[in-house]
**Q** 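My questions all concern the structure below.
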Amino acid sequence: MKVNKKVISNLDKCYSIAPLIYEGKQHFLVAAEKTDRCILFDDDGNEMDTVWTEPGGAMSMVQVPKSNGQFLATQRFYSPNDSKESKIVIVTPVSKGDWEIRTLVKLSHVHRFDIVSRNGVNYLIACTLKSGHEYKDDWSMPGKVYAAVLPDDLSVFDEEHQLKMKVIKDNMLKNHGYYRVSDNGLKTCIISADCGVFQFIPPESPKGDWSIKQLLDTPASDAVLIDLDLDGEKELAVLSPFHGDQISIYKRVNGTFEKVYEYDKAAEFTHAIYGGMLCGRPTVVIGHRKGERNLMAFTYNATEKTYQVEIIDKDCGPANVYHFVKDNKDILISTNREINEIAMYTLIATES
């Protein structure tokens, strides 16, 4: 690939990224892990507005379906040791420079969340990294996965009137990873923790139960399902263990995922992950935050029948990455947290 990099902003401890359709146009949001701004960009990478300046601590952001720029976000999750006051908020644009922020639900240590739909019903699924702690780096209280039907009208929620959520799985130690994957026509949730990788499937109706499948029992930090070798069945790309240094790919053999590839270098503090099409090929993009701090693209070479890696950027320390296509060009937005840099990469396929 030919890579053109443009630094579009600098933001201290930049972290989360999310697409946002606002006023009929495609935008994206970038927010800081610590106390700093949430910024709205247009799809050319121009800064359009500041959504908030504090409190920060934004791990996840997701647009409310069919809304004009309204989204949900985590706030006050500053680190695993400083996330007791974290919550999910409703953010609504009023005018330029004026975004209303109200509490949807207080949920200590909430790290990842999403909105997934099935049969016309929107469900909120939220993952807590832990359930509490008594001292720094205390992991004695595993996290949980919560869910609730998300009403179409969110105007009734605030600090005094919060959404009630139900625990759908507990004992999720180091419950870190989340990725939304379309599978067999359904929007599903790939959730990774110390006890393995799980696929959560929304119920057929609000009164039904979530379906939960364990895909792998290996401790994992993040994972995504994607058909890299185009054989009609998705492989499982896994970052392990929690904030670890291993990048592996698993294939399903007789109904069980078995490891078929492992990156031959230690990628310290693996974190950023994207799985989807890139330059016309199914690709997994992975970034790690320590050591060489690279942003890398993993693909399958059908001629050599092996997986291969290409470096997109070096020494940048990505926390998260977001992909979109504009004017038939592949764009990656990366929050290069370790150098406080928000970068836009335009990628063009070249002859292999």
Side-chain angles (χ1 to χ4, degrees), residues 3-11 14-32 36-53 56 58-75 88-102 104 112-117 120 122 124 150-155 179-182 187 272 274-280 283 285 312 318-336 341-349:
V3 180
N4 178 45
K5 178 182 179 180
K6 178 183 179 182
V7 177
I8 59 174
S9 189
N10 294 100
L11 181 67
C14 52
Y15 190 89
S16 57
I17 318 169
L20 190 77
I21 298 173
Y22 179 43
E23 296 182 340
K25 296 179 180 180
Q26 183 67 52
H27 297 75
F28 61 89
L29 300 156
V30 176
D36 212 326
R37 292 194 297 158
C38 173
I39 307 171
L40 177 72
F41 293 89
D42 67 15
D43 60 2
D44 287 318
N46 300 308
E47 189 172 323
M48 303 302 292
D49 204 357
T50 294
V51 178
W52 69 67
T53 55
M59 296 291 100
S60 304
M61 301 181 289
V62 180
Q63 178 156 12
V64 175
K66 300 180 180 179
S67 72
N68 177 27
Q70 185 181 62
F71 67 98
L72 306 183
T74 48
Q75 287 190 339
I88 300 174
V89 297
I90 306 162
V91 186
T92 308
V94 178
S95 60
K96 186 173 177 60
D98 184 8
W99 296 69
E100 178 192 67
I101 300 175
R102 290 178 289 112
L104 176 65
R112 301 295 192 203
F113 76 86
D114 196 11
I115 302 168
V116 288
S117 303
N122 294 324
L124 179 67
L150 187 70
D152 293 334
D153 181 10
L154 300 183
S155 64
Y179 207 104
R180 186 198 303 168
V181 170
S182 294
K187 301 295 184 184
Y274 158 74
M277 297 302 292
L278 187 67
C279 294
T283 304
V285 175
I312 297 173
N320 287 290
V321 65
Y322 160 61
H323 168 264
F324 64 97
V325 177
K326 179 177 171 60
D327 299 329
N328 295 317
K329 294 181 180 179
D330 285 273
I331 309 293
L332 286 177
I333 305 299
S334 179
T335 46
N336 296 333
E341 173 189 271
I342 305 171
M344 172 180 277
Y345 302 89
T346 303
L347 301 105
I348 301 172

**Q** Where do Ser334 and Tyr345 come nearest, in terms of heavy atoms and distance?
**A**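 Shortest heavy-atom separation between Ser334 and Tyr345 comes out as CB-CE1, 3.7 Å.
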**Q** Within a strict 4.5 Å, meaning less than it, do heavy atoms of the Leu11 and Thr335 side chains meet?
**A**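 When only atoms from C-beta onward are counted, Thr335 and Leu11 do not touch, as no gap falls below 4.5 Å.
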**Q** Would you check if the side chain of Arg112 reaches a backbone N or O of Met59 as a donor-acceptor pair within less than 3.5 Å?
**A**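 Side chain of Arg112 to backbone of Met59: a pair is present.
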**Q** Would you call Lys326 and Asp44 a side-chain contact if the rule is heavy atoms closer than 4.5 Å?
**A**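 They are in contact (side-chain heavy atoms under 4.5 Å apart), so the answer is yes.
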**Q** Under 3.5 Å, side chain of Gln63 to main-chain N/O of Ile21, donor-acceptor pair present?
**A**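 Yes: the side chain of Gln63 pairs with the backbone of Ile21.
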**Q** I want to check something: taking the side chain as every heavy atom from C-beta on, are Val285 and His323 in contact at a cut-off of under 4.5 Å?
**A**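 No, too far: nothing below the 4.5 Å cut-off.
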**Q** Flag the pair Ile8 / Val30 as yes when at least one side-chain heavy-atom distance between them is below 4.5 Å, and no otherwise.
**A**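 Contact flag for Ile8/Val30 side chains = no.
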**Q** How long is the straight-line distance from CD of Gln70 back to CG of Leu20, given to the nearest 0.5 Å?
**A**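 It is 10.0 Å, given to the nearest 0.5 Å.
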**Q** Can you name the side chain to side chain contact (heavy atoms under 4.5 Å, CB included) partners of Ala272, sequence neighbours left out?
**A**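 Per chain and number, Ala272 pairs via side chain to side chain contact (heavy atoms under 4.5 Å, CB included) with Pro318, Val321.
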**Q** Is Lys66 atom NZ crowded by more than 12 heavy atoms from other residues, nucleotides or ligands, each under 6.0 Å away?
**A**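 Result for NZ/Lys66: open.
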**Q** Rounded at 0.5 Å granularity, tell me how far CG in Asn336 sits from CG in Asn10.
**A**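 Output value for this atom pair is 10.0 Å.
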**Q** Return the minimal non-hydrogen interatomic distance between Tyr15 and Ala319, and the atom names on each side.
**A**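 In terms of heavy atoms, the two residues are closest at CD1-CB, 3.9 Å.
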**Q** My understanding is that only residues two or more places apart in sequence, or in another chain, count here; which of them pass ring pair (Phe, Tyr, Trp, His ring centres under 6.0 Å) with Tyr322?
**A**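 Only Phe324 meet the ring pair (Phe, Tyr, Trp, His ring centres under 6.0 Å) criterion with Tyr322.
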**Q** Can Leu332 and Val3 be said to form a side-chain contact (heavy atoms from CB on, under 4.5 Å), step by step?
**A** CA-CA 10 Å; Leu332 286 177; Val3 180; over 6 Å; no
**Q** Roughly how far, to the nearest 0.5 Å, is CD of Glu100 from OG1 of Thr92?
**A**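 It is 5.0 Å, given to the nearest 0.5 Å.
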**Q** To the nearest 0.5 angstrom, please state how far the CD1 atom of Ile333 sits from the CZ atom of Phe41.
**A**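 If we round to the nearest 0.5 Å, Ile333:CD1 and Phe41:CZ are 8.0 Å apart.
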**Q** What are the two closest heavy atoms between Cys38 and Phe71, and how far apart are they?
**A**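 Heavy atoms only, the tightest pair is SG-CZ, 4.4 Å.
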**Q** What heavy-atom pair brings Met48 and Asp42 nearest, and what distance separates the two atoms?
**A**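 That would be CG-N, 3.4 Å.
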**Q** CG of Asn328: more than 12 outside heavy atoms within 6.0 angstrom?
**A**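 No, not enclosed.
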**Q** Is the closest side-chain donor-acceptor distance between His27 and Tyr22 under 3.5 Å?
**A**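 Looking only at side-chain atoms, Tyr22 and His27 do not form any donor-acceptor pair under 3.5 Å.
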**Q** Keeping the roles fixed (side chain from Asn320, backbone from Ile17), state whether a donor-acceptor pair exists under 3.5 Å.
**A**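 No; zero donor-acceptor contacts below 3.5 Å.
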**Q** Any side-chain heavy-atom pair from Glu47 and Arg37 closer than 4.5 angstrom?
**A**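 Heavy-atom side-chain distance check passes, below 4.5 Å.
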**Q** So how far is it from Ser67 OG to Ile90 CD1, rounded to the nearest 0.5 Å?
**A**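 Going from the OG atom of Ser67 to the CD1 atom of Ile90 covers 11.0 Å.
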**Q** Please name all residues satisfying side-chain hydrogen bond (donor to acceptor under 3.5 Å, both in side chains) with Gln26, sequence neighbours left out, ordered by chain then number.
**A**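 Counting only residues at least two positions away or on another chain, Gln26 forms no side-chain hydrogen bond (donor to acceptor under 3.5 Å, both in side chains).
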**Q** List for me each residue that meets side chain to side chain contact (heavy atoms under 4.5 Å, CB included) alongside Asp152, sequence neighbours excluded, and say none if there are none.
**A**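 Partners of Asp152 by the side chain to side chain contact (heavy atoms under 4.5 Å, CB included) criterion, ordered by chain and then number, come out as Asn122.
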**Q** Checking Ser16 now: which residues fulfil side chain to side chain contact (heavy atoms under 4.5 Å, CB included) with it, not counting sequence neighbours?
**A**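 With sequence neighbours excluded, Ser16 shows a side chain to side chain contact (heavy atoms under 4.5 Å, CB included) to Ala31, Ala58, Met61, given in chain and number order.
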**Q** Could you report the tightest heavy-atom contact between Trp52 and Ala73, atom names first, then the distance?
**A**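 Residues Trp52 and Ala73, closest heavy atoms: CH2-CB, 3.8 Å.
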**Q** Please check this pair: side chain of Thr74 against backbone of Ser60, looking for a donor-acceptor N/O pair closer than 3.5 Å.
**A**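 Pair found, side chain donor or acceptor close to backbone of Ser60.
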**Q** Using a 4.5 Å cut-off on heavy atoms from C-beta on, say whether the side chain of Ile101 contacts that of Gln75.
**A**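 Side-chain contact under 4.5 Å: yes.
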**Q** From Ile331 CD1 over to Leu347 CG, what is the distance, rounded to the nearest 0.5 angstrom?
**A**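 CG of Leu347 is found 7.5 Å from CD1 of Ile331.
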**Q** Listed by chain and number, what are the side chain to side chain contact (heavy atoms under 4.5 Å, CB included) partners of Lys187, not counting sequence neighbours?
**A**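 Side chain to side chain contact (heavy atoms under 4.5 Å, CB included) check on Lys187 returns Val116, Arg180, Ser182.
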